[in-house]
Amino acid sequence: MSTQDTRERLELLQGTLDLLILRTLIFGSQHGQGIARAIQETSQEELLVEHGALYPALQRLEERGWISAKWGVSSNNRKARFYALTAAGRKQLVKETNKWKRLTGAIARILGPEGAKS
Amino acid sequence: MFGRKRKLDAFTCEIEAHLRLEVERLREQGLSEVEAQATARRSFGNLMHTEERFYESGRWLWWDHFWQDLRFGLRALLRERGVAALCVLILAVGIGASTALYTVWKSALVFPYDFEGNGRWVAVLAGFNRQQTRSWFLSVPEYNDLRRLGDIFESVSVMQHIMFNLTDNGHPESLDVTAVSADTIRNTGVSPILGRSFLPGEDAPGGPNVVLIGDSLWQRRYQRDPNILGHRIRMNDENYSVIGVMPPYFRFWGTELWVPLRLDYNERNRSHRAYWVTAMLKKGVTQKQADARLAVVAHHWEQKDGGQVPEYANLRLWTEDVMKYVTSSMKDAILVLLAAIAFLLVITCSNVTNILLARVSGRRREVAIRLALGGSRIRITGQFLTESVLLAVISGALGLLIARVSLPLIRHVVIDYVSTESRE
């Protein structure tokens, strides 16, 4: 019943959702609900992902050619749209990951050990 | 449009699938159906908002907007039928009249000379730098030399202005005549409305006395007699037989009579310049290339005949586009006509602008309401633009119709006017 957890969760920073989606798809194709679950579970419920926000993001990524989509059947026999990473998407993931690591590294250095303590 | 509809349906379908999967997952965790549905909805967020974002990202949005604007515009125009009808009427008359005038200008003044060789038909000019003069006329030996330039010219023709006294039935008349080499008329691409034009060889020495007459002369002196062909007319005490009548707009160098030019090709005097030499550039040869070639010819003449012909010192030969010359000789008449067209359009537009401005200020309320309801500036501007375009399209169509109907009427008036203008 984790979804009913009232503990305050972190809101996503602008632009990070795309990165998380791409990263999630690296393990194979997945439908929207599965992606949402995966992000929440992998982040140990720390991140708040509004499922509704996922779909415009998926559409955007599809238009850019980073992911492809086709209708399929889920493990419990439900019709769903499955998304898969394309070659361009894979490249983008590497690029975005590096960028993210540099960004967080830089911010961590500025905040310093005191920042980490508080 | 249907493509977009299906896409939105598919999107809704996908979201439903998502909710279904989420509900099932929560049911497995032990929630009741009702609780599971509520939770799934909650974690999804605002469904409407998501669908709206999807819709707005679609490529067909502008089309939907345009369609809305168009329908709304039509309704607005129908609501103010009087104003709309007035605008359409003013615009249609303005567009119709200027289109008709423009068509006349184009067909009567430009098109007859707009023949297949347009842009290739050039006149050869000589510049005598020492005397600071330029001559549109050349001598027979010079013409003979130019005729040999087969590498740049397809054909070289020559003509001369002369005066003839016409002394057959009725009072005698003194008339301007253009004597032309046989292919000149054919090169203009204009065919006679009656009979034929000159045949090759008719300009040879000892050839037959034949003449082409203009429409105005045909009407004035021969009352449009259809049996004029073969008729003998007396000019300069010689009999000429009429072989054809040229159309009214054909006022080749402002004359009404054309005869074959009989040259004495053996004439030796290089300074007797009385002949207008024109040439058809070979296909693919530019005026620049022709001018370069003519510079060589000029240099050659200077070397060879500079002794006997003093004006050959620093001689320059070059080409001019004949069409430009023809139209520039009628420039004033054309300018008046074009200015009239422009003014007509300006007056029409300013009238309609005034009406539309009055109409817009009457619609301030509507604009204010739309803005208050969250209408973006671009949508409201688009609305007004669409209405204007609608008005323009309707008026344009009607205008073309008016132009078509009034064309024969205007054609006569304008051609008479321009003909008399360009003759002076």
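Below, chain A is the first sequence line, B the second, and so on; all start at residue 1. Everything numeric in this text was worked out from a predicted model, so none of it was measured.
Residue-level contacts of residues 87-110 of chain A with chain B do not occur; threshold 4.5 Å between heavy atoms.
Under the side-chain contact (heavy atoms from CB on, under 4.5 Å) criterion, B:Q37 pairs with B:R20, B:V23, B:E33, not counting sequence neighbours. Considering only residues two or more places apart in sequence or on other chains, B:H18 meets the ring pair (Phe, Tyr, Trp, His ring centres under 6.0 Å) condition with A:H51, A:Y55, B:F44.
Salt bridge status for B:R25 with B:E22: present, with a side-chain N to carboxylate O gap under 4.0 Å.
Contacts of B:E24 with chain A are made by side-chain atoms alone, with heavy-atom separations under 4.5 Å and no backbone atom involved.
A donor-acceptor pair is defined here as one N or O able to donate and one able to accept, closer than 3.5 Å; such a pair exists between the side chain of B:R120 and the backbone of B:L281.
Sorted by first and then second residue, the side chain to side chain donor-acceptor pair (under 3.5 Å) pairs with a member in residues 384-396 of chain B read B:R359-B:E387, B:R363-B:E387, B:Q383-B:E387; sequence neighbours excluded.
By the 6.0 Å contact criterion, CZ on B:R41 is open, its count of non-hydrogen atoms from other residues, nucleotides or ligands being 12 or less.
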